[in-house]
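What follows is a set of notes on a single structure, which appears directly below.
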There are 2 protein chains.
Amino acid sequence: MNIGDAARASGVSAKMIRYYEDTGLIPPAARTAAGYRVYAEQDVHMLRFIRRARDLGFSVEGIRELLGLWRDRDRHSADVKRLALAHVAELRQKIRELEDMASTLETLAECCHGNDRPDCPILSELEAPGADGAVPAKRAGAIKALPATGRRQGPRS
Amino acid sequence: MNIGDAARASGVSAKMIRYYEDTGLIPPAARTAAGYRVYAEQDVHMLRFIRRARDLGFSVEGIRELLGLWRDRDRHSADVKRLALAHVAELRQKIRELEDMASTLETLAECCHGNDRPDCPILSELEAPGADGAVPAKRAGAIKALPATGRRQGPRS
DNA sequence: GCTTGACCTTCCCACCATGGGAAACCCCAT
DNA sequence: ATGGGGTTTCCCATGGTGGGAAGGTCAAGC
């Protein structure tokens, strides 16, 4: 199986498969005499594992740990659980931050007439925040525009 | 006022002020004979505006639009409101995706004994998803490790 | 005046995960 | 043998942010 077939079968793009190999997330693939990477069902299995972990929002580093446990037949499920719950905590933290932003902004928008006049409480608040601390004090980064949802190189869509 | 002072006064790091200038988000600052950037209160005002918009999760491009409206005395508050509500919708969308991930993972974790035995439903699900579609089909990117919350160059902390 | 330390300048590099594209090569079917 | 589609490596871009080096500047204290 060539890399393109593995990509289609796993839902991980060929580009990313090479990247995962480069960064040591997955072991180097076998090669044909001509240098083509060759994949077996087992490799596709692993790629699918990775793909699903990404779908659950794990970072590549997180996946590295998950893969370690996956391959370790003597693993303790407690370790997996700990990893998973730590990730859930991160997700919930992020959700809280986004929710704070959204509700603040929504509140401001509700106060805005939304007509053809220039006065606008949203801009006023950005100019000089009210003492009510409507704008949260903490940074959490912009909304990383949802990276093109939907598998880009998935099984022939 | 030099760039360091403007940074402290606005909560935007000197690095980022230069970056915003480079990318045209803010106009080029005046310079001393020696080439030092010089800022007036008005510039700090604008930087604070930017800073607060970032705190609300706006992207730099979004801020570019906000700044345009801010500077336009003939703006329609409806345009500001539309921008704000569109951003709220983005935030809520992202929240939904993260919430899906978190709840899926939490459910799986609840089913995991979390002991010293190797069998673990979390890994099983990653290996081969149950037909219940526990793993969401869409990608939303990993959790971009919360970028160092707290103003890094804030007003003399 | 001279030194010292804090500041400023530009330029390059790194992160993370992903895609785009070029130049070259390979394989298979007609 | 030719053409089309696969593959290889390599470089570049994204977005926002920081780190750091090499060199210029300024102000305070001696």
Side-chain angles (χ1 to χ4, degrees), chain A residues 1-8 11-26 28-39 47 50-51 53-64 90 94 138-154 156, chain B residues 1-8 11-26 28-39 47 50-51 53-64 90 139-154 156:
Chain A
M1 196 170 9
N2 283 344
I3 198 171
D5 306 299
R8 273 179 290 273
V12 178
S13 75
K15 277 267 193 206
M16 291 313 298
I17 295 176
R18 296 195 195 97
Y19 170 74
Y20 292 152
E21 184 182 317
D22 280 352
T23 56
L25 184 65
I26 58 179
R31 302 278 189 139
T32 66
Y36 279 27
R37 288 176 180 80
V38 182
Y39 297 88
L47 288 171
I50 293 171
R51 171 67 204 259
R54 295 287 297 135
D55 285 347
L56 284 175
F58 282 94
S59 69
V60 168
E61 278 319 299
I63 294 174
R64 203 180 296 273
E90 267 188 19
K94 187 74 178 177
K138 302 209 146 199
R139 282 294 315 283
I143 302 315
K144 182 180 205 180
L146 323 179
T149 70
R151 45 196 71 186
R152 290 165 279 285
Q153 290 231 13
R156 60 189 72 263
Chain B
M1 196 167 13
N2 283 342
I3 199 172
D5 306 298
R8 274 180 290 273
V12 178
S13 76
K15 277 269 195 207
M16 290 314 296
I17 295 177
R18 294 196 196 97
Y19 171 75
Y20 293 151
E21 183 182 318
D22 279 354
T23 56
L25 184 64
I26 58 179
R31 302 279 187 140
T32 67
Y36 280 27
R37 286 177 182 80
V38 182
Y39 297 89
L47 288 170
I50 292 171
R51 172 64 204 260
R54 294 288 296 137
D55 286 347
L56 284 175
F58 281 94
S59 69
V60 168
E61 279 318 300
I63 294 174
R64 203 180 297 274
E90 268 188 19
R139 282 296 314 284
I143 299 316
K144 181 181 212 178
L146 322 179
T149 73
R151 45 195 72 186
R152 292 164 279 286
Q153 291 231 12
R156 59 190 75 264

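Side-chain atoms are counted along with the backbone in the values below, which use heavy atoms only and exclude waters and symmetry mates. Order of the sequence lines fixes the chain letters, A, B, ..., with proteins taken first and strands second; residue numbering starts at 1 for each chain.
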Quiz item: Nearest-Å distance, CD (Glu21(A)) to P (dT9(D))?
Solution: 8 Å

Quiz item: Quick one: side chain to side chain contact (heavy atoms under 4.5 Å, CB included) partners of Glu61(B), sequence neighbours excluded?
Solution: Ser59(B), Arg64(B)

Self-check item: Residues Phe58(B), Ile50(B); criterion side chain to side chain contact (heavy atoms under 4.5 Å, CB included); working and verdict
Solution: CA-CA 9 Å; Phe58(B) 281 94; Ile50(B) 292 171; over 6 Å; no

Quiz item: Where each residue is assigned the nucleotide of DNA chain C containing its nearest heavy atom, which of Tyr19(A) and Ala33(A) is assigned the position nearer the 5′ end?
Solution: Tyr19(A)

Quiz item: What nucleotide, of dA17(C), dT9(D), dT9(C), holds the atom closest to the side chain of Arg54(A)?
Solution: dA17(C)

Quiz item: Any Lys/Arg nitrogen of Asp22(A) or Arg18(A) sitting under 4.0 Å from an Asp/Glu carboxylate oxygen of the other?
Solution: no

Quiz prompt | Atom-to-atom span, CG of Leu56(A) to P of dA17(C) - whole angstrom | solution = 15 Å

Quiz item: Are Arg51(A) and dA17(C) close enough that a side-chain N or O sits under 4.0 Å from OP1 or OP2?
Solution: no

Self-check item: Any Asn2(A) side-chain nitrogen or oxygen under 4.0 Å from OP1 or OP2 of dT7(D)
Solution: yes

Quiz item: Whole-Å distance between dG16(D) C1' and Tyr20(B) OH?
Solution: 7 Å

Quiz item: Which comes earlier along DNA chain C counting from the 5' end, the contact point of Thr32(A) or that of Met16(A), where each point is its nearest nucleotide?
Solution: Met16(A)

Quiz item: Taking atom C1' of dT17(D) as reference, at what distance in whole Å does atom CD1 of Ile50(B) sit?
Solution: 15 Å

Quiz prompt | N or O in side chain of Arg31(B) less than 4.0 angstrom from dT10(C) OP1/OP2 | solution = yes

Quiz prompt | Value in whole Å for how far the C1' atom of dG15(D) lies from CG of Asp22(B) | solution = 14 Å

Practice problem: Compare every heavy atom of Ile63(A) with every heavy atom of Ala53(A), then report the nearest pair and how far apart it is. | Solution: CB-CG1, 3.6 Å

Quiz item: Which nucleotide in the list dG20(D), dT17(D), dT18(C) gets nearest to the side chain of Lys15(B)?
Solution: dG20(D)

Quiz item: Between Arg37(B) (CZ) and dC8(C) (P), how many Å, whole number?
Solution: 10 Å

Practice problem: Identify, with sequence neighbours excluded, every residue that meets salt bridge (Lys or Arg N to Asp or Glu O under 4.0 Å) alongside Arg37(A). | Solution: Glu21(A)

Quiz item: Base, sugar-phosphate, or nothing: which does Arg18(B) touch, judged by heavy atoms less than 4.0 Å apart?
Solution: base

Quiz item: In terms of the nearest nucleotide of DNA chain D, which residue is placed more toward the 5' end: Tyr36(B) or Glu61(B)?
Solution: Glu61(B)

Quiz prompt | Whole-Å gap separating P (dT18(C)) and CG (Leu25(A)) | solution = 11 Å

Self-check item: Separation of atom CD1 in Ile63(B) from atom P in dG16(D), rounded to whole Å
Solution: 8 Å

